[in-house]
Every structure is written in C-alpha cells, then in structure tokens.
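Numbering of ligands and ligand atoms starts at 1, following listing order.
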Amino acid sequence: MRTRTTIGAADTGAVVGFVDVAGARRRFVGAAGCVVLALPVLIAASSTILAQTVPQYGDDVHLGVASCASSTCHGAVDPLDGTTVLQNEFATWQKRDKHADAYNLLFDDLSQRIARNLGLDDASTADICLDCHADNVPPERRGPRFQLSDGVGCEACHGGSERWIGPHTGGERTADDGGRAQHEENLALGLYPTSDPAARAELCLSCHIGDETKLATHRIMGAGHPRLSFELDTFTAIEPAHYRVDDDYIERKGEPNGAEVWAIGQAEALEQVLDLVVSRKYGQTGLFPELFFFDCHACHKPMSAARWQERASLGLGPGVVRFNDANLIMLRIAAEAVDPALAKTIAQRGRALHKASQQGAKAWRDAAAALREATAEAIATFERTTFDEPIMRRILDGLVQEGVRGEYVDYVAAEQTTMAISTVVEAMSAEGDLSDAEYGRFEQIMNDLYAAVAKDEQYRPSVHLKALKRIATSGS
Ligand code: HEC
Ligand code: HEC
Ligand code: HEC
Ligand code: HEC
C-alpha cells in the first residue's frame with residue numbers, strides 16, 4: 001500500500017509539482033515520491049460522521065486564524081516530526097493557499113470592475129462577494145481575534161472553534177488517546193468533518209458552485225467574474241494539502257481513496273446544481289432561466305466553430321442551450337463502474353432533464369427533482385463501495401469510452417474528464433496498482449490532455465480525443 005504523493009505535498013518533500021498552465025489545473029506526480037506504509041490492516045472509513053452544517057451557517061463563534069496560528073499549535077515554520085499533525089498548516093495556508101488571499105483580491109482591478117458593473121459600492125464590503133471570499137459569519141459569531149481580512153481561513157472549513165478549541169489544545173477532555181476517540185470528540189464539539197468526502201464536497205461546493213444564499217450568477221459572470229470549475233479530489237490536492245496521510249492519520253480518519261472522493265464529489269456537485277434548479281430563487285427567473293445552469297460554451301464560442309455533432313446521452317438537436325452536464329456525465333461513468341442499474345437510471349433521468357429543458361419550467365423542475373433523487377442514491381452507494389483496482393480500471397475505461405462515443409464535444413466535459421483521469425491514475429498509483437512504466441505512460445498522456453483543455457476558448461475536441469485514445473491503446 002502506498003500513500004498518495006499528492007496528499008501531504010505541503011512542504012513534506014514529496015516529489016510533486018503542480019503547475020498552473022494558462023488557467024488549467026494540472027498536477028504531475030513523480031512516482032519516486034511514493035511512500036510505503038507499514039500498516040498491515042486496512043481500516044474502514046470513519047464510522048461516526050455527524051451530520052453538520054457548513055461552517056458559515058453553523059451556530060459556533062469563529063475565533064479567527066490568529067487563534068490557530070501560534071507556533072505551538074499550527075504555526076510552525078516547518079512540518080514537525082513525531083506529532084500527529086504537521087503543525088505548519090498556517091504557513092502552508094498563508095504562503096501557498098489561494099484561500100488566504102481570497103479577501104485581498106476583492107480590492108484588485110477586476111473586482112472593482114465587477115462591483116462597478118453590478119452597481120455595488122465596493123466589492124470588499126458587499127456580502128455577495130464576502131460570502132465566498134471570506135469567512136463572512138454574522139458579527140455576533142466573530143470572536144475578538146477574528147478578522148475578515150483573513151479571507152477563507154481555517155474556521156471557514158474546519159468550523160467555528162468556540163467549543164472545540166479548549167479540549168483540542170489540551171484542556172479537559174474525556175478521550176485522551178491522541179487518536180480516533182479524541183478526533184470524534186472534536187467532531188462532536190463542532191469541528192467540521194472535512195475528511196468525510198460527502199461533507200467535504202458540501203463544504204467546498206458551497207463556494208465553488210454556490211448555494212441559494214450565495215451564487216455567482218450569470219449576471220455576476222457577465223460583470224466579469226471568472227467561470228467556476230471544480231473537482232473535489234484534484235482541488236483537495238492542489239489547495240495545496242496541508243496534511244499528510246500517514247499511519248496515525250489513517251487510524252484517526254480512515255484511508256482516503258481518490259477515486260471515491262472523485263465519485264462522491266461528482267454526485268454532490270450535480271445535487272447542488274439540481275437543488276438550485278428546483279429552488280424558488282433560481283428555478284424561474286423570467287423569460288430565460290438562470291444561465292448559470294447551462295453550458296457556458298454553448299453560447300460563448302465563435303459562430304464559425306461549426307462544432308455541433310450529435311451526442312447520444314443528450315437527445316437534443318443543434319442550436320439548443322444545453323444544461324451543463326459535465327458532472328452528470330462523470331456521475332454516469334462512476335455509477336457504471338459500481339452499479340450498472342443505477343447508471344441506467346441516471347442516464348435515463350439525465351436525458352429526461354435535457355428533454356424537459358425544451359418543454360417548460362414545470363417539466364424542467366420535475367425532471368431535476370427526479371434526477372436529484374438518483375444523485376442521493378449514488379452518494380449512498382459510493383459510500384458503501386470499496387473503490388478497488390477493478391472498479392478504478394472500469395472508471396478509467398469508461399472515461400475513455402465516453403470520449404470515443406463523442407461525449408466530450410463540449411469543453412466542460414473534457415475539462416472534467418481530464419481531472420478525473422488524473423485523479424483515478426493517482427488513486428491507482430497510491431494503491432500500488434500501476435507499474436512505474438504504466439505510470440510513466442500516463443504522465444505523458446496527461447500532459448497532452450491538460451494541454452488540450454488549457455484554454456477553454458481554444459478547445460479542440462479532436463486534439464483531446466487523440467490523446468484520450470492513447471490510453472485505450474496503452475494497455476490499461
Ligand atoms: C459562489 C461563490 C462566489 C461568489 C458569490 C463570488 N465569488 Fe469570486 N470566486 C469564487 C471562486 C470559487 C473563485 C476561484 C475560481 C477558480 O479559480 O476556480 C473566484 C474567483 C474570483 C476572482 C478571480 C481571482 C483570480 O485569482 O483570478 C475575482 C476577481 C473574484 N472572484 C471577485 C469576486 C467579486 C468581486 C464578487 C462579488 C461580486 C465575487 N467574486 C463573488 C467564488 C465566488
Ligand atoms: C479550504 C478549506 C480549508 C482551509 C481554509 C483550511 N483547511 Fe485544514 N484541512 C482541510 C481539508 C480538506 C483537510 C483534509 C481532511 C481532513 O483531514 O480533515 C484538512 C486537514 C487539516 C488538518 C488535519 C491534519 C491531520 O493529520 O489530521 C489540520 C490540523 C488542519 N487542516 C489545520 C488547518 C489550519 C490551522 C488552517 C488555517 C491556517 C486550515 N486547516 C485551513 C481544509 C481546509
Ligand atoms: C468560503 C468559501 C470557500 C470554501 C468553503 C472553499 N473555497 Fe476554495 N476558493 C474560494 C475562493 C474565493 C477562491 C479564489 C481565491 C483566489 O483566487 O485567490 C478559492 C480557490 C480555491 C483553489 C485555487 C483554484 C485555482 O484557480 O488555483 C482551490 C484549489 C480550492 N479553492 C479548493 C478548495 C477546496 C478543496 C475546498 C474544500 C475543502 C474549498 N476550496 C473550499 C472559496 C472557497
Ligand atoms: C443562453 C446563452 C448563454 C449561456 C448559456 C451563457 N451565457 Fe454568458 N452571456 C450571454 C449573453 C447573451 C451575454 C450578454 C452579451 C452582451 O452583453 O453583449 C453574456 C455575457 C457574458 C459575459 C460578459 C461578456 C462581455 O462581453 O462583457 C461573460 C463573462 C459571460 N457571459 C460568461 C458566461 C459563463 C461563465 C457562462 C456559464 C456559466 C455563461 N456565460 C453562460 C449568453 C449566455
């Protein structure tokens with residue numbers, strides 16, 4: 001068993017490079033960085049995950065990043081040995097994590113322009129910006145050391161620390177094993193379960209897609225906001241990770257599997273969008289529905305592109321505004337590898353949603369509700385499943401086959417597929433399922449796939465497909 005080199009990349013010396021090429025997220029991992037673990041037994045994923053509200057909407061007071069950052073807590077300069085956690089999380093976050101800068105960028109030219117176009121006084125004081133670019137809890141939930149300027153700080157993800165910081169820093173606690181019981185006690189006191197894939201997805205997606213309270217609507221995009229794209233496992237790795245999956249991590253939290261994180265992330269993303277589709281606020285917004293739900297590039301591409309071709313899963317003719325179904329395609333592929341009957345339901349309901357988008361508001365919302373039920377079932381199914389080598393190989397194969405069938409004519413699907421392939425390859429490598437030679441071949445193919453999706457407006461499906469087909473012939 002090998003740990004994923006991507007996890008724990010933060011200042012731990014693992015051989016990892018993440019390069020941001022023209023807006024595309026890519027990650028390369030040197031196989032040499034893999035660490036062999038001596039742990040003999042595989043511990044099941046965390047048992048007691050408490051249902052929790054995303055930190056922004058919880059009841060706990062947020063004490064501020066300064067409360068976490070002392071040198072004896074999480075403010076060490078370098079990772080410490082012999083402790084359960086790295087303790088240099090603050091340095092990683094402050095120096096390398098874009099979340100630390102999320103508030104500051106509300107003062108830059110682009111933000112000021114977006115604000116002006118929207119008729120806002122100032123992006124740095126507007127809740128619609130702060131809700132995603134800072135830990136914008138209401139004033140009564142801000143402790144004395146809380147600062148909005150910390151941006152997306154520790155407690156925006158880990159939960160207001162009011163109740164857990166005491167026991168957590170060595171005060172009175174019942175469990176004192178330094179391990180799982182202690183971690184579960186923290187969870188009971190309001191620590192957000194970030195290690196649980198579904199809970200993590202809900203957390204990240206509340207900002208990386210948005211929810212009913214905060215959404216980067218087409219109006220906000222139209223004012224100049226960049227398009228959002230997200231894949232849970234990739235984004236967890238490139239945040240970058242400020243934790244290391246080692247023996248004691250696995251003891252406390254279970255061993256993460258990237259393919260499972262990916263699959264659950266896809267189901268959660270689709271669910272989040274479908275919730276918005278059926279919501280009163282965004283479900284019906286005048287003559288045109290909220291354009292956020294639709295494929296941006298269905299409208300935003302040159303007319304001369306002449307790219308249209310039939311897609312089996314869509315069942316729509318040319319010249320139609322399409323629901324952005326990248327997450328739906330990914331979910332179908334994940335389900336196919338795990339539970340083909342479920343995949344069939346998802347495919348049918350997905351097609352029905354596309355069809356309903358041409359019929360009217362009620363048909364559209366009903367179809368969204370039906371598909372949403374299937375996403376909930378998919379999440380439960382994935383949580384029960386061990387994503388072993390045969391499943392991961394089926395996913396990889398599915399990702400390639402969908403391309404061959406012409407499902408990636410749209411940019412968003414190609415972008416998601418590229419992140420998906422890298423995630424599954426990483427997960428297989430972490431499990432020791434790939435030989436060095438196989439891994440090396442994938443690295444070359446990944447380069448070409450990432451290059452093909454580097455710029456959305458220059459995406460050419462044929463170039464992407466050519467790279468994709470090499471996976472089919474590379475013996476995996
Ligand atoms: C639903 C959450 C959400 C809302 C609402 C939102 N943003 Fe963002 N914003 C994001 C995310 C997430 C990113 C990062 C996108 C990425 O790189 O994938 C981002 C990126 C940006 C960027 C580009 C940053 C860069 O590094 O290039 C700017 C500028 C920005 N937002 C300004 C604003 C302003 C101004 C507002 C208010 C009008 C706003 N945002 C509202 C979530 C949001
Ligand atoms: C964008 C969300 C996000 C922010 C911001 C964030 N974290 Fe994390 N953190 C995570 C995720 C995801 C994990 C990995 C899952 C897990 O182990 O719970 C994690 C893991 C951890 C761990 C667990 C390590 C282990 O071995 O169990 C610690 C400690 C930690 N973070 C501290 C911090 C501190 C301190 C800050 C602020 C300086 C911070 N985090 C900011 C998301 C975040
Ligand atoms: C409170 C809102 C919020 C939450 C919660 C949140 N993010 Fe973000 N995230 C943002 C914003 C805003 C940005 C853009 C910051 C910037 O560009 O400076 C961002 C940027 C990122 C980036 C950098 C993207 C790029 O283009 O380089 C990654 C990676 C990321 N987030 C991962 C995550 C993960 C993983 C989680 C969940 C564990 C998460 N985020 C939770 C708001 C959030
Ligand atoms: C149904 C077609 C349609 C879809 C789908 C659509 N848009 Fe638009 N978009 C438009 C129209 C129409 C305008 C207004 C153009 C104008 O004002 O000249 C626009 C304007 C914009 C602008 C401002 C361009 C400018 O000239 O300043 C941006 C940026 C933008 N959209 C981004 C997006 C993103 C991101 C998505 C996907 C989430 C998206 N759009 C989905 C039709 C669409």
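Relative orientation of the Phe107 and Tyr103 rings is perpendicular, given thresholds of 30° and 60° on the angle between their planes.
When Ser229, Gly265, Cys204, Ala216 are checked for heavy-atom proximity to atom 35 (C) of ligand 3, Cys204 turns out nearest. Considering His297, Met221, His300 only, the shortest heavy-atom separation from atom 31 (N) of ligand 4 involves His300. If you check each of Pro256, Cys154, Ala102 against atom 41 (C) of ligand 2, the one with the closest non-hydrogen atom is Cys154. Across Val245, Val85, Asp150, Asp135, heavy-atom proximity to atom 25 (C) of ligand 2 is greatest for Val85.
Looking only at side-chain heavy atoms (C-beta outward), Leu274 and Leu353 come within less than 4.5 Å of each other. Using a 4.5 Å heavy-atom threshold, the side chains of Asp150 and Gln94 count as separate.
Checked against atom 8 (Fe) of ligand 2, the N, O or S atom of His158 at the shortest distance is NE2.
Listed by number with element, the atoms of ligand 2 under 4.0 Å from a non-hydrogen atom of Tyr249 are 15 (C), 16 (C), 17 (O), 25 (C), 26 (O), 27 (O). Close approach of ligand 2 to Phe90 is summarised as follows: ligand atoms under 4.0 Å from at least one heavy atom of the residue are 38 (C). Taking every non-hydrogen atom of Val152 and a distance limit under 4.0 Å, the qualifying atoms of ligand 2 come out as 5 (C). Heavy-atom proximity to Gly153, at under 4.0 Å, picks out these atoms of ligand 2: 5 (C). Taking every non-hydrogen atom of Val321 and a distance limit under 4.0 Å, the qualifying atoms of ligand 4 come out as 1 (C). Every atom of ligand 2 with a heavy atom of Arg200 under 4.0 Å away is listed here by number and element: 12 (C), 15 (C). Remark: ligand 3 atoms within the under-4.0 Å shell around heavy atoms of Cys207 are 1 (C), 2 (C), 3 (C), 4 (C), 5 (C), 42 (C), 43 (C). Within ligand 2, counting atoms from 1 as listed, the ones closer than 4.0 Å to a heavy atom of Glu239 are 1 (C), 2 (C), 3 (C), 4 (C), 43 (C). The His74 neighbourhood of ligand 2 comprises atoms 29 (C), 35 (C), with distances under 4.0 Å to a heavy atom of that residue. Each of the following atoms of ligand 4 lies closer than 4.0 Å to a heavy atom of Phe294: 5 (C), 37 (C). Against a heavy-atom cut-off of under 4.0 Å, Leu203 is close to the following atoms of ligand 3: 5 (C). Short contacts between ligand 3 and Leu105, defined as distances under 4.0 Å to a heavy atom of the residue, involve ligand atoms 16 (C), 17 (O), 18 (O). Near Asp295, the atoms of ligand 4 lying under 4.0 angstrom from a non-hydrogen atom of the residue are 5 (C).
Dense packing is recorded around CZ of Arg141, with more than 12 heavy atoms of other residues, nucleotides or ligands lying under 6.0 Å away. The environment of Asp59 atom CG is sparse: at most 12 non-hydrogen atoms of other residues, nucleotides or ligands sit within 6.0 angstrom.
Within the 4.0 Å heavy-atom shell around ligand 4 one finds Gly222.
Of all protein heavy atoms, the one closest to atom 6 (C) of ligand 2 is His242 CE1, 3.4 Å. Among all protein heavy atoms, the one lying closest to atom 1 (C) of ligand 2 is Cys157 SG, 2.7 Å. Regarding atom 34 (C) of ligand 4, its nearest protein heavy-atom neighbour is Cys296 SG, 3.4 Å. Of the protein's heavy atoms, Tyr243 CE2, 3.3 Å lies nearest to atom 14 (C) of ligand 2. Closest to atom 11 (C) of ligand 2, if we only count protein heavy atoms, is Thr194 CB, 3.9 Å. Nearest protein heavy-atom contact of atom 32 (C) of ligand 2 is Glu89 CG, 3.6 Å. Here the protein heavy atom with the shortest distance to atom 26 (O) of ligand 2 is Arg252 NH2, 3.1 Å. In terms of protein heavy-atom proximity, atom 23 (C) of ligand 2 is nearest to Lys253 NZ, 3.5 Å.
Contact annotation for atom 3 (C) of ligand 4: protein present (non-hydrogen atoms, distance under 4.0 Å). For atom 37 (C) of ligand 4, the nearest protein heavy atom lies under 4.0 Å away. For atom 16 (C) of ligand 4, no protein heavy-atom neighbour is present inside the 4.0 Å cut-off. Atom 8 (Fe) of ligand 4 is approached by the protein to below 4.0 angstrom, counting heavy atoms only.
In summary, of the residues considered (Thr375, Leu205, Asn327), a side-chain contact (heavy atoms from CB on, under 4.5 Å) with Glu271 occurs for Thr375 alone.
Remark: aromatic rings of Tyr411 and His297 are close, center separation under 6.0 Å. When ring centroids are compared, Phe230 and Trp262 stay outside the 6.0 Å threshold. Ring centers of Tyr249 and Tyr243: under 6.0 Å apart, within the cut-off.
Any N or O atom pair closer than 3.5 Å counts here, and Lys98 shares at least one such pair with ligand 3. Below 3.5 Å of separation, one finds no N or O of Thr236 facing any N or O of ligand 3. Below 3.5 Å of separation, one finds no N or O of His225 facing any N or O of ligand 4.
Not one N or O on the side chain of Asn88 forms a donor-acceptor pair closer than 3.5 Å with the backbone of Ala91. Looking at His183, its side chain never comes within 3.5 Å of a backbone N or O of Arg252 through a donor-acceptor pair.
Contacts between Gln94 and ligand 2 below 4.0 angstrom, taking non-hydrogen atoms only, are absent altogether. Of all the heavy atoms of His99, the ones lying under 4.0 Å from any atom of ligand 3 belong exclusively to the side chain. Here His218 has side-chain heavy atoms under 4.0 Å from ligand 4, and that is the only part of it that gets that close. At a heavy-atom distance under 4.0 Å, only backbone atoms of Cys132 (N, CA, C or O) approach ligand 3.
Between the CZ atom in Phe235 and the CZ atom in Arg200 there is a gap of 13.5 Å [rounded to 0.5 Å].
At a cut-off of 2.8 Å, His208 coordinates atom 8 (Fe) of ligand 3 through an N, O or S atom.
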